[in-house]
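Note that ligands are numbered from 1 as they come in the structure, with each ligand's atoms numbered from 1 the same way. Heavy atoms only: backbone and side chains are in, while hydrogens, waters and symmetry mates are out. If you're wondering where the values come from, they're calculated on a predicted model, not measured in any experiment.
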Amino acid sequence: MKITLPLGSLALATAPFVYAHYRFKSLIIDGQETEDWKYVRESDNDYYPIEDVASMSMRCNSGGANGNHTETATVKAGDTVGFGLSQAIFHKGPLNVYMSKVDNAKTADGSSGWFKMYEIPPILDGGKSVIWPAVNLTKVTFPLPKTIESGDYLLRIEQIGLHLAIDKYAAQFFISCAQLRVTGGGSARPSTVMFPGVYKDTDPGLWINIYEPVPTNYTMPGPALFQDS
Ligand SMILES: *[C@@H]1O[C@H](CO)[C@@H](O)[C@H](O)[C@H]1NC(C)=O
Ligand SMILES: *[C@@H]1O[C@H](CO)[C@@H](O)[C@H](O)[C@H]1NC(C)=O
Ligand SMILES: *[C@@H]1O[C@H](CO)[C@@H](O)[C@H](O)[C@H]1NC(C)=O
Ligand SMILES: [Cu+2]
């Protein structure tokens, strides 16, 4: 079977040391993009996505296990926040946002439980077409849940490149974590999953030919969205 790869994969294969990917680099608070890497932990890999779903880097990317160089942003439950990117997303795939309640966002290593609170799934059309609306975005914004408890959180965004995912172990994770202190929350305690752990290489949403036959359905990786109320 012949598959036409998007430009990005070709460039990565031929020039791995000069080819940077898109990164989630800044926190957006109520429409204002904040300074790069001020509230978002800076990873130490500009060039490579995470591909090993069992890796500790699935939490907050490589180099994102602490907030030594990162500040914690105070926001209100229900506020609209988001992430700005270094360049537009160019690999086809879904996008997920998770939160983890922690004692201290600056020192948290991502080992406590995560709940999913936002996602951008594909738009399917009965096998005629599949659109990945996260592609081309240069920023992603979403409301924080109103009902979660006040306190410190890690906010983890991931976009998953599925362009090579016809092969097992080939889904590519583009991940960043921001540090939040949420005020004015409620008492909801969402059920959580762990990173690594929640994803398997055989998940139908991670090991899939997205080109042909054109998918008629898609199973978003990870748990159901937390329902705010
Ligand atoms: C960074 O943070 C970790 C964990 O909080 C700590 O153990 C380490 O000493 C810190 N490193 C530096 C260079 O401050
Ligand atoms: C992204 O932009 C390209 C080039 O302008 C366009 O062909 C493509 O349809 C866009 N994709 C989405 C999902 O909007
Ligand atoms: C989902 O799509 C796959 C392949 O495209 C197909 O084999 C499967 O039956 C579909 N499942 C449902 C519930 O439609
Ligand atoms: Cu790539």
Side-chain angles (χ1 to χ4, degrees), residues 3-25 37-53 55-57 59-72 85-96 100 102-112 119-125 128-141 152-154 156-167 169-181 206-211 214-215 218 220:
I3 293 174
T4 308
L5 297 176
L7 181 63
S9 358
L10 192 63
L12 184 62
T14 53
F17 297 105
V18 296
Y19 184 68
H21 273 97
Y22 45 93
R23 305 167 82 191
F24 296 96
K25 65 179 173 57
W37 311 118
K38 182 174 182 183
Y39 302 115
V40 178
R41 293 182 181 180
E42 184 167 12
S43 63
D44 58 20
N45 66 336
D46 301 12
Y47 301 108
Y48 300 106
I50 306 302
E51 292 184 287
D52 177 1
V53 297
S55 160
M56 293 300 170
S57 298
R59 292 174 177 167
C60 289
N61 211 330
S62 174
N66 67 70
N68 291 8
H69 306 290
T70 318
E71 294 176 34
T72 301
L85 284 126
S86 58
Q87 57 176 306
I89 292 172
F90 56 76
H91 285 315
K92 291 178 174 161
L95 181 145
N96 293 307
S100 180
V102 296
D103 290 336
N104 181 335
K106 196 166 178 66
T107 54
D109 65 1
S111 60
S112 35
E119 63 184 11
I120 306 183
I123 299 167
L124 302 165
D125 187 15
K128 290 201 279 290
S129 66
V130 51
I131 295 168
W132 301 95
V135 172
N136 295 342
L137 296 180
T138 54
K139 60 179 187 171
V140 180
T141 58
D152 278 17
Y153 286 83
L154 293 179
R156 174 188 177 281
I157 190 166
E158 71 180 2
Q159 197 266 345
I160 310 176
L162 295 178
H163 49 299
L164 304 175
I166 183 174
D167 292 321
Y169 314 116
Q172 302 186 346
F173 295 84
F174 300 91
I175 300 166
S176 284
C177 288
Q179 297 173 198
L180 299 184
R181 184 156 298 145
L206 298 178
W207 185 22
I208 178 177
N209 181 349
I210 59 168
Y211 300 107
V214 175
Y218 180 75
M220 285 294 280

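Residue-to-ligand polar distances place Asn68 within reach of ligand 1: an N/O pair is separated by less than 3.5 Å. The shortest N or O to N or O distance between Trp132 and ligand 2 is not below 3.5 Å.
Inter-residue side-chain proximity for Pro122 and Met220 is flagged as met; some heavy-atom pair is nearer than 4.5 Å. In this structure the side chain of Val130 never reaches within 4.5 angstrom of the side chain of Tyr218, judged on heavy atoms.
Looking only at distances, no side-chain donor or acceptor of Gln172 sits under 3.5 Å from a matching main-chain atom of His91. Judged by distance alone, the side chain of Asn45 and the main-chain N or O of Tyr48 form a donor-acceptor pair under 3.5 Å. In this structure, Ser86 contributes its side chain and Arg23 its backbone to a donor-acceptor pair below 3.5 Å. Side-chain atoms of Asp152 do not come within 3.5 Å of backbone N or O of Val102 as any donor-acceptor pair. A donor-acceptor pair under 3.5 Å links the side-chain atoms of Arg156 to the main chain of Arg59, judged by distance alone.
At a threshold of 2.8 Å, the Cu ion (ligand 4) has a backbone or side-chain N, O or S atom of His91 nearer than that distance.
Taking a distance limit of 4.0 Å, we find that atom 2 (O) of ligand 2 is approached by some protein heavy atom. Distance check for atom 14 (O) of ligand 2: a protein heavy atom is found below 4.0 Å. Under the 4.0 angstrom criterion, atom 9 (O) of ligand 1 counts as lacking any protein heavy-atom contact.
For atom 4 (C) of ligand 1, the nearest non-hydrogen atom of the protein is Asn66 CB, 4.1 Å.
When the Cu ion (ligand 4) is compared with the N/O/S atoms of His21, atom NE2 turns out nearest.
Atoms of ligand 2 lying under 4.0 Å from at least one heavy atom of Asn136, given by number and element, are 1 (C), 2 (O), 3 (C), 8 (C), 10 (C), 11 (N), 12 (C), 14 (O).
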